[in-house]
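Working notes for the structure below.
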2 protein chains.
Amino acid sequence: MLSKKTKYALKAMLVLAKEYGQGPVLISDIAQREGIPRKFLELILLELRNQGVLQSKKGKGGGYFLGRPPQQISVGQVVRILEGPLAPLPCVSKTAYMRCRECRDERTCGIRIVMKEVRDATAKILDSTTLEDMLRRVEVVVTGKESLAFSI
Amino acid sequence: MLSKKTKYALKAMLVLAKEYGQGPVLISDIAQREGIPRKFLELILLELRNQGVLQSKKGKGGGYFLGRPPQQISVGQVVRILEGPLAPLPCVSKTAYMRCRECRDERTCGIRIVMKEVRDATAKILDSTTLEDMLRRVEVVVTGKESLAFSI
DNA sequence: GAAAACTCTAGTAAATTTATAGAGTTAATT
DNA sequence: AATTAACTCTATAAATTTACTAGAGTTTTC
């Protein structure tokens with residue numbers, strides 16, 4: 001299960017994707033719109049900023065905004081920042097691989113083989129879905145229309 | 001990430017799958033073979049038993065054994081018992097669905113749509129992989145041979 | 001009836017999660 | 001230059017989960 005922190009992060013990123021190009025958005029605004037505890041959200045946005053997916057502007061008129069356009073930020077990137085590796089086991093992680101200490105032969109570990117499939121399937125979905133995709137899919141549901149690009 | 005508990009459970013289940021049909025196996029044996037703290041393993045096996053995937057025999061000559069043949073127990077069943085639902089969010093779980101309190105319209109929640117894909121992909125893998133599959137895949141790697149059934 | 005094994009309830013230390021508090025820094029505006 | 005709006009950063013803390021441990025109880029076999 002995703003932690004609340006990760007869920008909050010995704011919601012915040014979606015708000016910022018919606019407002020992309022319209023200048024910085026206040027932490028308080030995001031917090032209120034999405035019902036996220038303000039101070040907790042600060043920490044989350046700070047982390048996303050330090051990892052480079054968000055940028056911020058201090059002082060009056062400041063706030064947060066996406067570091068790249070919404071079609072260049074994947075759900076996988078966001079989830080990894082907050083949640084750590086997507087893999088169910090460290091020994092099948094590509095971004096944070098770690099050998100199991102007790103494992104004699106990785107190639108013959110049945111658990112590993114299955115969990116690697118799960119990791120790959122998860123990564124395939126999350127790394128190929130961008131913030132823009134998420135916004136667009138919502139629209140598709142609402143309007144019943146698909147963009148041409150989407151139906152290819 | 002899978003908890004140690006779940007990883008221990010899978011290891012224990014694989015041992016019992018290997019010994020299937022040969023009578024009960026001692027908790028201590030499993031614990032020793034897999035390097036699992038004995039008393040902790042007791043709790044895990046008890047839970048698996050109470051959920052029906054394991055059976056046990058008390059007293060001298062007792063021990064644990066699979067409740068069904070290895071080809072009828074899926075990894076998904078075991079993981080769900082220890083870890084809870086496979087879904088990253090309760091609102092996309094089939095076995096433990098729960099609406100998000102703050103969600104106005106589930107159909108238009110971008111996060112939900114993506115996480116549902118992840119759940120479905122995960123479930124497809126874990127529910128279709130049995131203990132026997134895991135044992136057999138290991139053999140395939142070791143011997144370089146595939147059974148006919150497997151290569152279909 | 002003694003020993004071997006599982007059963008069950010309780011407890012506990014450490015880690016993680018989910019926050020909250022407050023002083024510090026930066027930028028805009030007057 | 002003073003004020004105020006905002007983000008930054010460190011520390012702390014409550015609640016929950018994880019990973020065990022202890023021990024008394026029950027069942028079965030010999």
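Here is the naming used below: chain letters follow the sequence lines, and residue numbers restart at 1 for every chain.
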Distance in angstrom units between [X] [atom1] and [N] [atom2], rounded:
X	N	atom1	atom2	answer
B:Gln55	D:dT28	CD	P	14 Å
B:Tyr8	D:dC20	OH	C1'	9 Å
B:Phe65	C:dC6	CZ	P	11 Å
B:Arg49	D:dT27	CZ	P	12 Å
B:Leu2	D:dA19	CG	C1'	15 Å
A:Leu16	D:dC7	CG	P	11 Å
A:Leu45	D:dT8	CG	C1'	12 Å
A:Leu82	C:dT18	CG	C1'	13 Å

Can you tell me which nucleotide in C:dC8, C:dA19, C:dT7 comes closest to the side chain of B:Tyr64?
C:dT7
If you check the A:Pro37 side chain, which of C:dA19, D:dT8, D:dT21 turns out closest?
C:dA19
5'-most contact on DNA chain C (nearest-nucleotide basis), B:Ser28 vs A:Leu43, goes to B:Ser28
Note, B:Leu2 side chain near B:Leu10 side chain (heavy atom, < 4.5 Å):
yes
Taking the side chain as every heavy atom from C-beta outward, state whether B:Met1 and A:Pro85 have any pair of such atoms under 4.5 Å apart.
yes
Using a cutoff of under 3.5 Å, can you pull out all pairs of nitrogen or oxygen atoms linking the protein to nucleotides 3-6 of chain D, with atom names and distances?
residue, atom, partner, partner atom, Å
D:dA5, N3, A:Lys60, N, 3.4
D:dA6, O4', A:Gly59, O, 3.2

If every non-hydrogen atom of [X] is compared with every non-hydrogen atom of [Y], which pair is closest and at what distance?
X	Y	answer
A:Leu126	A:Ser74	O-CB, 3.7 Å
A:Ile111	B:Lys7	CD1-O, 4.2 Å
B:Ala123	B:Leu86	CA-CD1, 3.7 Å

How about B:Gln77 and B:Arg68: does a side-chain donor come under 3.5 Å of a side-chain acceptor?
yes
Distance-only polar pair, side chains of A:Thr130 and A:Gln72, donor-acceptor under 3.5 Å
no
Provide the full list of ring-ring contact (aromatic ring centres under 6.0 Å, His included) pairs with a residue in residues 17-50 of chain A, sequence neighbours left out, each pair given once.
A:Tyr8-A:Phe40
Could you run down the sub-3.5 Å N/O contacts of the protein with nucleotides 12-17 of chain C?
none

Could you please spell out the steps behind the side-chain hydrogen bond (donor to acceptor under 3.5 Å, both in side chains) verdict for A:Ser93 and A:Arg119?
CA-CA 7 Å; A:Ser93 172; A:Arg119 188 230 87 103; 5.8 Å; no
